[in-house]
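A quick write-up on the structure given underneath.
What you see is a predicted model; the values in this text were computed from it and never measured.
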Amino acid sequence: MNFAAKIRARRAEARTRKAVSRAIDAAATPAMRHELTLLAQSQLQGLR
């Protein structure tokens with residue numbers, strides 16, 4: 001992976017993290033917040 005691709009990948013991951021954080025903050029119920037947190041954690045493990 002070249003340098004530019006690494007930068008693009010990091011930016012994409014940052015955008016995804018920000019979007020997930022906003023979704024968790026805007027969740028209507030604690031159960032939905034918990035489910036989004038679990039989903040985000042499972043997705044993160046798949047990226048590594």
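By the side chain to side chain contact (heavy atoms under 4.5 Å, CB included) test, Thr37 pairs with Ile24, Gln41, sequence neighbours left out. In this structure, the side chain to side chain contact (heavy atoms under 4.5 Å, CB included) partners of Ala14, at least two apart in sequence or on a different chain, are Arg17.
For the atom pair CG of Leu39 and CE of Met32, the computed distance is 10.5 Å after rounding to the nearest 0.5 Å. If you take CZ on Arg33 and CG on Asp25, they are separated by 8.5 Å, rounding to the nearest 0.5 Å. Taken from CZ in Arg10 to NZ in Lys6, the straight-line distance is 7.5 Å, to the nearest 0.5 Å.
Here the shortest heavy-atom pairing between Ala27 and Leu36 reads CB-CD1, 4.2 Å.
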